Amino acid sequence: MLWSKLFIPTLREVPAEAEVASHQLLLRAGYIRQLSAGIYTFLYLAQRSLKKIQTIVRQEMDAMGAQEISCPALNPAEVWQESGRWDVMGDNLFRFKDRFGRDMCLAMTHEEVITVTARGELRSYKQLPQVWYQLQTKFRDEPRPKSGLLRVREFMMKDSYSFDMDQAGLDAVYDKHYKTYCRIFDRCGLEYTAVDAHSGAMGGSQSHEFMVASDAGEDFVARCPGCGYSANLEKAISIPAAPAADDPAGDLTPEEFPTPGQKTIAELAAFTGLPETSQMKSLVVVADGKPALILVRGDHQLSETKAGAILNDPEFRPARPDEIRQWFGADAGSLGPVAVKDVPIFADRALVGRRNMIAGANKNDAHLRHVTLGEDFQAELHDVRQVVAGDACTRCGAKLEVIKCVEIAHIFKLGYKYSEPMGLRVLNAEGKEVTPIMGSYGIGIGRILSGVIELHHDKDGMILPPSIAPFEVVVTPANNADAAQMDTARAIYEECLGLGIDALLDDRDERPGVKFKDADLIGVPFRVVVGKKLAQGLVELVERKTRTAADVASAEAPRAVLARLGR
RNA sequence: CGGGGCGUGGCUCAGCCUGGCUAGAGCGCCUGGUUCGGGACCAGGAGGUCGGUGGUUCGAAUCCACUCGCCCCGACCA
């Protein structure tokens, strides 16, 4: 391609609306333009790059035996009503009515469509297992689109769906996806972590997320540098740091003491002279319309996801001040578990074995000392605390780190969540009707590109790996007015094309500085500069990533590029 | 949905508080010339309903009300 003929609208300045690096660079490098919040046009460079990512995805999916299909983005409400997700998805589903007033939506994912299709066609165990995948645009009415391509309302996803006769089959295809995804992300040049994840609205038993570390992310991952354990913070477990002070020994009885105005754990620690680890934090929540008291160590945070699970209501909420006063006879800040009746108590496991701690007295401006779980009150024990950096790994004892991540893929063992209610049945070898077990496996294509840019960029622009860069090499004559340079550059460019290299010739009538800056910005991995040294028959081969330059004979340049590409 | 910020040529922004004559700068763009190894220089030029609507006023980019859009934080989140 000749740069002079292409539309690559690079920007010298950072557009005001872009905050995160990948967003800024995608705009500056002329890859994308925004149409509306969370809706983007992919210009030529983005399209080339995304197509390369899609090709990698297709090759690897095909290699694992999956079959590519295409599903309608436009769905009638009925299929979503059948699975129950018409209601569950709430405002995140783009909904509208067609001209006859029928409820419709834009699919945000395709479990429903896939299941409806399968139930009409799959009849026998002989047809299983099946893995179908699609690479399509999906829609989600995000309450807050942000960060360029990281959180958008219209996006390209690879989704695959598996049907198996039994759990063992599902386990196998799940594992196959896991390995295939690793290959895909490796080829895209992504450093990623696969983590244990929470299934959320998808349902199902097991799930993994593929995460890329980035400050632009919205998920937190706990990771062990020692043994490789990693999990979404929503699910992560750890051994908490030891209490900062030893508990008073002995079988002491709770004893009230005045704590005027001391409400927060920090204030109480300062007031009593006992560290936060000696306090019991009492949280009142409302789950399914009923109150519950949750206790964690003073310095610990409640994990809302874990709490939602044990309360059996992911939609639980903190109690309002008036509710707290009604149930406990005191305000938040003086609450505790002793003598509480008619409200179930859940205690975090970090409180087990502790003695004579401080807790609220359920009386304003008063607390109790010498409160012991199991003696002075009873509670159901669960892991409800959120892991923090520095906690010890439960497997190897090393200190866990907590990192911010972008989720680029998520795989789920769905189980029978869709096949059962939607009536997907096949006959087994005994002629009995059975329900196939399903899995679903998604990859965000745009997030791969954004993730790579987040990971690999510098002040001058993107640093893309050859596998997904829009071009592999750009040939740059330093001075267009110099016919010898121009001719040589053209010859090198054409020979590169002949060798199957994705080459770009920067034939623009621009000063060399402009061409170099633009080449750096759009992230082309290699550059061949045809300049003054041509007099000695030499051109320069520059690697974008390392900025190292090497002189090579101009006739050797195309081969040298090919070698650097590892081909 | 709650909180905050911003809408002025293609991009980045000034002007607004304290209303006043043809609305500015830099970058980009066009023409000509000189240049040519890290976003050149000179000369000339094109390009703006000041987001929209309504109001106040002799007069509104500027003040007021409403509204639309975008960004950020939170809520939310395959």
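If you're wondering where the values come from, they're calculated on a predicted model, not measured in any experiment.
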Distance-only side-chain donor-acceptor flag, A/Q134 / A/S70, under 3.5 Å: no
Spacing of A/E19 atom CD relative to B/G5 atom P, expressed in whole Å: 15 Å
How far does the P atom of B/C66 sit from the matching atom of B/G5, given to the nearest Å? 16 Å
Can you measure A/L27 atom CG to B/C70 atom C1' for me and round it to whole angstrom units? 13 Å
Looking at every strand, decide which applies to A/N92 at a 4.0 Å heavy-atom threshold: base, sugar-phosphate, or nothing. sugar-phosphate
Taking the C1' atom in each of B/G26 and B/G47, what is the distance between them to the nearest angstrom? 16 Å
If the P atom of B/U12 is compared with that of B/G54, how far apart are they to the nearest Å? 29 Å
Checking all strands, does A/A197 fall into the base, sugar-phosphate, or nothing category for heavy-atom contacts under 4.0 angstrom? nothing
So what does A/R140 hit on the nucleic acid, given a heavy-atom distance under 4.0 Å: a base, only sugar-phosphate, or nothing? sugar-phosphate
In this structure, how many angstroms lie between the P atom of B/C71 and the CZ atom of A/R144, rounded? 9 Å
With sugar-phosphate meaning primed atoms plus P, OP1 and OP2, does A/A478 contact a base, only sugar-phosphate, or nothing at under 4.0 Å between heavy atoms? base
B/C50 and B/G20, which share atom name P, separated by this distance in whole Å: 16 Å
Before you tell me yes or no, could you show the steps for A/D219 and A/N232 under side chain to side chain contact (heavy atoms under 4.5 Å, CB included), namely the whole-Å CA-CA distance, both residues' side-chain angles and the distance that decides it to 0.1 Å? CA-CA 7 Å; A/D219 281 287; A/N232 192 307; 3.5 Å; yes
Have a look at A/G531 and say if it touches a base, only the backbone sugar-phosphate, or nothing, with a 4.0 Å heavy-atom cut-off. base
Whole-Å distance between B/C77 P and A/R151 CZ? 10 Å
Between A/R511 and B/G39, is there a side-chain N or O to OP1/OP2 distance below 4.0 Å? no
Among B/G74, B/G38, B/C70, which is the nearest nucleotide to the side chain of A/S36? B/C70
Checking N1-N3 plus N6-O4 or O6-N4 for Watson-Crick, or N1-O2 and O6-N3 for wobble, each under 3.5 Å, the partner of B/C1 is B/G74
May I ask you to say what A/V529 touches in the nucleic acid, namely base, sugar-phosphate or nothing, with a heavy-atom cut-off under 4.0 Å? base
Per A/P15 side chain, nearest of listed nucleotides B/C11, B/C13, B/C71: B/C11
A/K515 NZ to B/A40 C1', in whole Å, measures 14 Å
So, are A/D518 and A/R508 salt-bridged, with charged N and O less than 4.0 Å apart? yes
Between B/G38 and B/U8, how far apart are the P atoms? Round to whole Å, please. 35 Å
What's the CG-C1' distance between A/D509 and B/U35, to the nearest Å? 11 Å
Look through every strand shown and name the nucleotide pairing with B/A40 as Watson-Crick or G-U wobble, where both distances are under 3.5 Å. B/U34
Are OP1 or OP2 of B/G39 and a side-chain N or O of A/R12 less than 4.0 angstrom apart? no
Is any side-chain N or O of A/E13 under 3.5 Å from a base N or O of B/G26, one able to act as donor and the other as acceptor? yes
Under 4.0 Å, heavy atoms only, any strand: does A/E540 hit a base, just the sugar-phosphate, or nothing? base
Describe, in one word, how the ring planes of A/H23 and A/Y40 are oriented to each other, choosing from parallel (under 30°), tilted (30 to 60°) and perpendicular (over 60°). perpendicular
Please verify the inter-ring angle class for A/F139 with A/F94; under 30° counts as parallel, over 60° as perpendicular, anything in between as tilted. perpendicular
Across every strand shown, the nucleotide meeting Watson-Crick or G-U wobble geometry with B/G59 (both distances under 3.5 Å) is none
Under 4.0 Å, heavy atoms only, any strand: does A/R527 hit a base, just the sugar-phosphate, or nothing? base
When the C1' atoms of B/A61 and B/G15 are considered, how many whole Å apart are they? 8 Å
Closest-nucleotide mapping onto RNA chain B: is A/T10 or A/M157 further toward the 5' terminus? I mean the 5' end. A/T10
Quick one: is B/C36 close enough that its OP1 or OP2 comes under 4.0 Å of any side-chain N or O from A/Q485? no
Over all strands shown, is A/P143 touching base, sugar-phosphate only, or nothing at heavy-atom distances under 4.0 angstrom? base
My understanding is that a pair needs two contacts under 3.5 Å, Watson-Crick or G-U wobble. By that rule, which nucleotide pairs with B/G9? none
Among B/G38, B/C36, B/U12, which nucleotide sits nearest the side chain of A/N479? B/C36
Heavy atoms under 4.0 Å, any strand shown: does A/I411 hit a base, just sugar-phosphate, or nothing? nothing
Base-pairing assignment for B/C66 (Watson-Crick or G-U wobble, both under 3.5 Å): B/G52
The single option from A/Y441, A/Y133, A/Y161 passing ring-ring contact (aromatic ring centres under 6.0 Å, His included) against A/H177: A/Y441
Under 4.0 Å, heavy atoms only, any strand: does A/K146 hit a base, just the sugar-phosphate, or nothing? sugar-phosphate
Counting just side-chain N and O atoms, does A/K517 come under 4.0 Å of either OP1 or OP2 of B/G38? no
Is the charged tip of A/R95 near the ring of A/W86: under 6.0 Å from the six-membered ring centre and within 45° of its axis? yes
Classify the nucleic acid contact of A/D518 as base, sugar-phosphate or nothing, counting any heavy atom under 4.0 Å across all strands shown. base
Complement of B/G28, any strand, by Watson-Crick or G-U distances under 3.5 angstrom: none
Say we look at B/G59 and B/G2: how far apart would their C1' atoms be, to the nearest angstrom? 40 Å
Taken to the nearest whole Å, CG/A/L150 to P/B/C72 is 10 Å
Check the side chains of A/T546 and A/E543 for a donor-acceptor pair under 3.5 angstrom, ignoring hydrogens and angles. yes
Need to verify one output field. Residue with the more 5' nearest nucleotide on RNA chain B, A/F516 or A/H23? A/F516
C1' atoms of B/G7 and B/C16, separation to the nearest Å: 13 Å
Using atom CG of A/D482 as one end and atom P of B/C36 as the other, report the distance to the nearest whole Å. 11 Å
Checking all strands, does A/R33 fall into the base, sugar-phosphate, or nothing category for heavy-atom contacts under 4.0 angstrom? nothing
Check: A/F185 ring centroid to A/F210 ring centroid under 6.0 Å: yes
Can a donor-acceptor pair under 3.5 Å be found between the side-chain atoms of A/D460 and the base atoms of B/G38? no
